[in-house]
Amino acid sequence: MKAVTIIQPWATLVALRIKTLETRSWATKHRGPLAIHAGQKVDKEACLIPQIREALLKHSINDWSELPTGAVIAKAVLNDVWSINRPYGAYGLVERLSLDSGRSICWGGYMPDEYHFGDYSDGRYAWQLDEVVQLHEPVPAKGQLSLWNWEEPR
């Protein structure tokens, strides 16, 4: 199964089905099953962003030290990749254009919580993660850059 390493707290937000779009600087042609690996790194400052802190607290995660690291924590299905366009600059409208269907979705004015869970800078990509299932127990694994192959233990 293909896997992607995501630093914390974003990996946990995906596993909890709070974050449905994983933003990256690169697109992928892969569609289908994807293991979500929580990397060793925890962005402690991100854990203090009000929207992220609130989401974690709702799931009884009170501190960054409670986040699993170095393990596969969920499985998802990568269904689409969206290119990000900011036609009015960094503080204006966010347009997402599907690389698969050509469909466009825009966020403007009040941004949804999802906006605070990723980097929606012009020229980036948002990977649409659906059918996310959090694993009952994290499975220790060494992450890698880019997409990598993870063999699920039997």
Side-chain angles (χ1 to χ4, degrees), residues 1-64 66-69 71-135 138 143-148:
M1 171 184 292
K2 291 292 184 190
V4 64
T5 298
I6 303 173
I7 66 173
Q8 290 286 26
W10 294 282
T12 289
L13 293 174
V14 169
L16 295 172
R17 294 183 290 171
I18 298 168
K19 174 180 168 61
T20 62
L21 298 169
E22 168 57 15
T23 56
R24 295 273 153 165
S25 62
W26 50 283
T28 179
K29 293 184 185 305
H30 174 74
R31 301 293 182 273
L34 186 67
I36 306 302
H37 176 266
Q40 291 289 348
K41 183 178 177 187
V42 177
D43 186 332
K44 297 169 193 158
E45 288 182 23
C47 293
L48 300 176
I49 294 170
Q51 294 83 354
I52 293 175
R53 180 154 175 71
E54 182 180 320
L56 293 174
L57 285 171
K58 281 182 183 174
H59 289 85
S60 302
I61 300 169
N62 300 305
D63 186 71
W64 64 266
E66 298 173 30
L67 298 170
T69 58
V72 172
I73 61 171
K75 294 185 214 172
V77 175
L78 175 55
N79 276 331
D80 203 348
V81 175
W82 303 77
S83 65
I84 304 299
N85 183 21
R86 302 298 293 261
Y88 303 107
Y91 300 103
L93 179 77
V94 177
E95 177 186 38
R96 296 182 358 222
L97 179 66
S98 167
L99 298 184
D100 292 346
S101 69
R103 191 170 62 121
S104 177
I105 296 175
C106 294
W107 292 335
Y110 176 77
M111 297 297 188
D113 281 348
E114 183 79 44
Y115 173 79
H116 301 284
F117 301 154
D119 179 355
Y120 292 91
S121 301
D122 195 48
R124 291 184 59 87
Y125 298 90
W127 297 12
Q128 182 179 323
L129 301 172
D130 297 320
E131 302 176 45
V132 176
V133 176
Q134 185 175 9
L135 301 183
Q144 297 178 32
L145 296 176
S146 192
L147 287 181
W148 50 281

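- In terms of the side chain to side chain donor-acceptor pair (under 3.5 Å) criterion, T28 has no residue partners (sequence neighbours excluded).
- For residues 6-26, the salt bridge (charged side-chain N to carboxylate O under 4.0 Å, His left out) pairs, not counting sequence neighbours, are K19-E22, E22-R24.
- When the ring-ring contact (aromatic ring centres under 6.0 Å, His included) test is applied to W10, no partner is found at least two apart in sequence or on another chain.
- Applying the side chain to side chain donor-acceptor pair (under 3.5 Å) test to S60 and every residue at least two apart in sequence or in another chain returns nothing.
- In terms of heavy atoms, L147 sits closest to W26 at N-CH2, 3.8 Å.
- Qualifying side chain to side chain donor-acceptor pair (under 3.5 Å) partners for E114, counting only residues two or more places apart in sequence or in other chains: T20.
- The nearest pair of heavy atoms linking T5 to G143 is OG1-CA, 3.3 Å.
- Here the CG-CG distance, from N85 to L93, works out to 8.0 Å after rounding to the nearest 0.5 Å.
- In this structure, the side-chain contact (heavy atoms from CB on, under 4.5 Å) partners of A38, at least two apart in sequence or on a different chain, are Q8, A11, I73.
- When the side-chain contact (heavy atoms from CB on, under 4.5 Å) test is applied to D100, the partners found at least two apart in sequence or on another chain are R31, D80, S98.
- Not a single side chain to side chain donor-acceptor pair (under 3.5 Å) links D122 to another residue, sequence neighbours left out.
- Counting only distance, with no hydrogens or angles, the side chain of R124 and the backbone of D119 share a donor-acceptor pair below 3.5 Å.
- Qualifying side-chain contact (heavy atoms from CB on, under 4.5 Å) partners for V133, counting only residues two or more places apart in sequence or in other chains: none.
- With sequence neighbours excluded, the residues satisfying side-chain contact (heavy atoms from CB on, under 4.5 Å) with E54 are K58.
- Listed by chain and number, the residues in a salt bridge (Lys or Arg N to Asp or Glu O under 4.0 Å) with D43 amount to none (sequence neighbours excluded).
- The ring-ring contact (aromatic ring centres under 6.0 Å, His included) search around Y115 returns Y120, not counting sequence neighbours.
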